[in-house]
Amino acid sequence: MLTIKNLHAAVDGKEILKGINLTIRPGEIHAIMGPNGSGKSTLSSVLAGREDYEITEGEVIFNGKDLLELETEDRAREGLFLAFQYPIEIPGVSNVNFLKTAINEIRAYHGQDAISPKEFLEKVKEKQKLVELDNKLANRSVNEGFSGGEKKRNEIFQMAMLEPKLAILDETDSGLDIDALRVVAQGVNTLKNKDNAFIVITHYQRLLDYIVPDFVHILYNGRIVQSGGKELALELEKKGYEEIKKQYDAISA
Amino acid sequence: MSDNTILDEHINSEYKWGFTTDVETDTFPKGLNEDVVRALSAKKQEPEWLLEFRLKAFRHWLTMNEPNHWAHIPYPKIDFQDISYYSAPKKKPTLKSLDEVDPELIKTFEKLGISLEEQKRLTGVESNIAVDAVFDSVSVKTTFRETLAEKGIIFCSFSEAVLEHPELVKKFMGTVVPYTDNYYAALNSAVFSDGSFCYIPKGVRCPMELSTYFRINSSGTGQFERTLIVADDDAYVSYLEGCTAPKRDENQLHAAIVEIIAHKNAEVKYSTVQNWYPGDKDGKGGIFNFVTKRGICLGDRAKISWTQVETGSAITWKYPSVILKGDNSIGEFYSVAVTNNRQEADTGTKMIHIGKNTRSTIISKGISAGLSNNSYRGLVQVRKGAANARNFSQCDSLLMGDQCGAHTFPYIEIKDKTAIVEHEATTSKIGEDQLFYCRQRGLDTEKAVGLIVNGYCREVLNKLPMEFAVEAQKLLAISLEGSVG
């Protein structure tokens with residue numbers, strides 16, 4: 001589904017990603033962990049198409065297409081979804097109107113007709129229940145006046161509505177209480193199927209108690225320095241990032 | 001997306017109303033003097049009192065100085081001798097039948113989405129709307145006149161009102177905006193051509209939206225229309241005004257007057273979608289829109305509400321105002337003003353509190369893009385004796401890119417210590433984060449900008465009659481097309 005080869009990216013001339021290699025197949029959940037400043041959020045931004053980053057080397061193939069050549073909106077229409085670490089407020093635009101517009105843009109891209117109001121409403125109802133999102137929130141302006149937890153829940157709601165092929169959750173767990181964490185995890189676990197895939201970016205092991213990854217990668221200093229199964233996360237939790245830092249700082253020095 | 005890339009690509013948006021109609025016209029030679037004023041009045045077969053009014057206004061105008069640097073907006077000095085003050089399609093239709101209207105004119109208005117046939121409805125719209133269609137200096141057709149007349153409502157062109165209801169025109173014209181008011185009001189009072197007149201009798205709720213559609217067509221002309229709306233005790237009317245003009249390299253002057261009089265318990269809602277040609281991306285051509293709009297709540301518990309969506313014109317000076325004379329009367333001003341490229345807008349309102357317990361609300365949303373400047377200029381005045389007057393003002397500015405300007409000039413004059421006046425102002429930039437967020441959900445940049453801007457203006461757009469809110473939303477998106485690279 002997604003193949004990242006030797007990806008280098010810089011911001012303001014400073015290299016942040018220094019050669020990322022990663023392959024993700026349908027039906028898989030990959031966790032990417034790493035200390036602050038390791039490049040986790042840069043990776044998600046680069047994949048989603050944020051324009052502040054300069055790709056200096058490498059390639060990314062998404063469903064047979066050169067992802068880096070696609071406009072941000074076309075990446076989304078091809079089925080790439082990013083759950084934002086800091087979801088953005090859009091005053092005056094209702095959540096459902098926003099989603100309806102998004103769904104119809106994606107459908108139009110694939111040559112499909114606009115969603116019928118009935119089908120849309122049923123979908124809203126169903127997915128709202130999934131993430132335990134209050135009816136009021138669904139009808140309020142996008143993220144405006146939402147609490148931190150509500151915003152994250154809303155991201156998962158949007159993900160559920162858009163049904164992406166590949167969803168990247170960028171530190172969705174940060175700042176969440178245990179209930180919200182459970183809801184987020186429940187959303188991912190329910191949506192997961194053999195045709196889609198998830199990248200879960202997180203600082204802590206905690207979320208992985210709820211979303212069990214098939215693979216765990218440790219990102220440090222712009223590179224994936226270790227990959228393994230879910231036990232790698234537990235190991236990391238025990239040892240902490242200091243160990244990793246020491247080990248790899250020594251190598252690069 | 002950096003600010004520079006946002007600005008790299010400017011407007012390529014097409015002004016879709018920029019065509020001209022080929023009709024034979026009866027146009028006055030350029031120039032302005034007393035003879036022109038007399039000729040104009042004679043052309044319209046006006047009574048002596050109106051000619052006198054025009055001449056007084058003209059003589060007063062001659063004593064005034066052109067405010068050519070008002071609000072620090074530089075513009076070329078207008079040569080008032082280089083304008084023709086009357087232009088009308090030659091086949092002047094009688095107003096009895098649509099068959100007698102020049103088919104070219106019917107086509108023109110259809111192209112603009114305005115149907116002059118009563119049985120026809122505006123695209124996809126449920127309710128009927130009565131339209132007074134003004135083409136250059138004359139009204140070509142007013143629809144639904146008979147239907148409205150059954151309720152005693154008078155809705156016709158200003159010229160007809162002068163001939164058919166002189167007592168009403170004479171009684172109210174110039175009472176809210178006297179010809180001495182300002183330079184362009186004096187000019188309008190001298191040379192005004194046509195416009196709409198509307199009278200709602202006591203206790204009548206007007207059953208349909210009334211609207212006037214202004215179209216400038218001829219080159220080298222100015223449009224000086226005049227609208228007078230009178231709502232008698234307990235009457236209600238919702239009124240809408242729309243306007244467009246062809247694309248031309250020259251600047252054309254539009255200097256209008258709108259007067260509203262609301263008697264006891266009456267309510268008048270006046271909505272404008274102003275879409276005069278704004279000029280090209282280098283600021284060539286476009287309409288100078290210098291208008292005076294004012295209403296008075298004469299009686300107790302009267303209410304006047306202005307809603308405007310301003311997207312057009314090269315320069316706009318416009319301050320729809322309310323004089324709150326009656327006790328417990330209410331004034332409202334809801335405004336969205338969009339400027340792009342080199343457009344300049346200086347718009348706002350004046351709320352003059354005279355009566356007791358009077359209330360006013362001002363919501364202004366300015367959106368600036370390109371190299372444009374957008375100013376809110378407003379006065380809240382509470383006179384002595386206006387006990388318990390209350391005003392709430394909110395002025396928000398949204399900037400797109402870093403080469404445009406947004407300015408807010410609130411003037412507050414309080415002479416009564418029981419007044420409560422609140423003013424809130426915000427300035428924000430259309431966020432790259434917001435754009436990225438929308439695009440990540442599958443919306444392209446144009447769609448995203450349209451969505452964000454419409455969301456930002458929602459409070460105001462909600463005040464528009466349904467039929468026009470949809471139009472206004474589309475117009476906002478079109479006006480900002482290409483403003484983000």
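Below, chain A is the first sequence line, B the second, and so on; all start at residue 1. Heavy atoms only: backbone and side chains are in, while hydrogens, waters and symmetry mates are out.
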More than 12 heavy atoms of other groups within 6.0 Å of [X] [atom1]:
X: B:Arg359; atom1: CZ; answer: no
X: A:Asn193; atom1: CG; answer: yes
X: A:Tyr86; atom1: OH; answer: no

Close contacts, residues 93-106 of chain A versus chain B, judged by heavy atoms under 4.5 Å: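 Result: A:Val93, A:Ser94, A:Asn97, A:Phe98, A:Thr101, A:Ala102, A:Glu105, A:Ile106.
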Using non-hydrogen atoms and a limit below 4.5 Å, what part of residues 109-125 of chain A faces chain B?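 Hits under 4.5 Å: none found.
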Does [X] reach the side chain of [Y], with side-chain heavy atoms less than 4.5 Å apart?
X: B:Tyr437; Y: A:Asn143; value: yes
X: B:Gln434; Y: A:Pro91; value: yes
X: B:Glu432; Y: A:Glu51; value: no

Can you say whether B:Cys438 sits under 4.5 Å from chain A via the side chain, the backbone, both, or neither, judging by heavy atoms?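 Contact with chain A is through both the backbone and side chain of B:Cys438.
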To the closest 0.5 Å, what do you measure between [atom1] ([X]) and [atom2] ([Y])?
X: B:Asp444; Y: A:Glu71; atom1: CG; atom2: CD; value: 9.5 Å
X: B:Arg441; Y: A:Met159; atom1: CZ; atom2: CE; value: 10.0 Å
X: B:Leu435; Y: A:Ile88; atom1: CG; atom2: CD1; value: 10.5 Å

Minimum heavy-atom distance A:Gly49-B:Phe436, with the two atoms named: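 Scanning both residues completely, I find the closest heavy atoms to be C-CE1, 3.6 Å.
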Smallest separation among heavy atoms of B:Gly442 and A:Ala76, with atom names: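 Heavy-atom minimum between the residues: N-CB, 3.5 Å.
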Could you tell me whether a side-chain N or O of B:Arg439 sits under 3.5 Å from a main-chain N or O of A:Glu73, the two making a donor and an acceptor?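 Absent.
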Trace of the side chain to side chain contact (heavy atoms under 4.5 Å, CB included) decision for B:Gln440 with A:Ile168: CA-CA 11 Å; B:Gln440 209 302 305; A:Ile168 305 167; over 6 Å; no
For A:Glu78, is it the side chain, the backbone, both or neither that has a heavy atom under 4.5 Å from a heavy atom of chain B?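 Interface part for A:Glu78: neither.
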Pick one of side chain, backbone, both or neither for A:Leu162, based on which atoms fall under 4.5 Å of a heavy atom in chain B.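 The side chain, not the backbone.
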Check ion pair A:Arg50-B:Asp433 (N to O, under 4.0 angstrom):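 Salt bridge flag = yes for B:Asp433 with A:Arg50.
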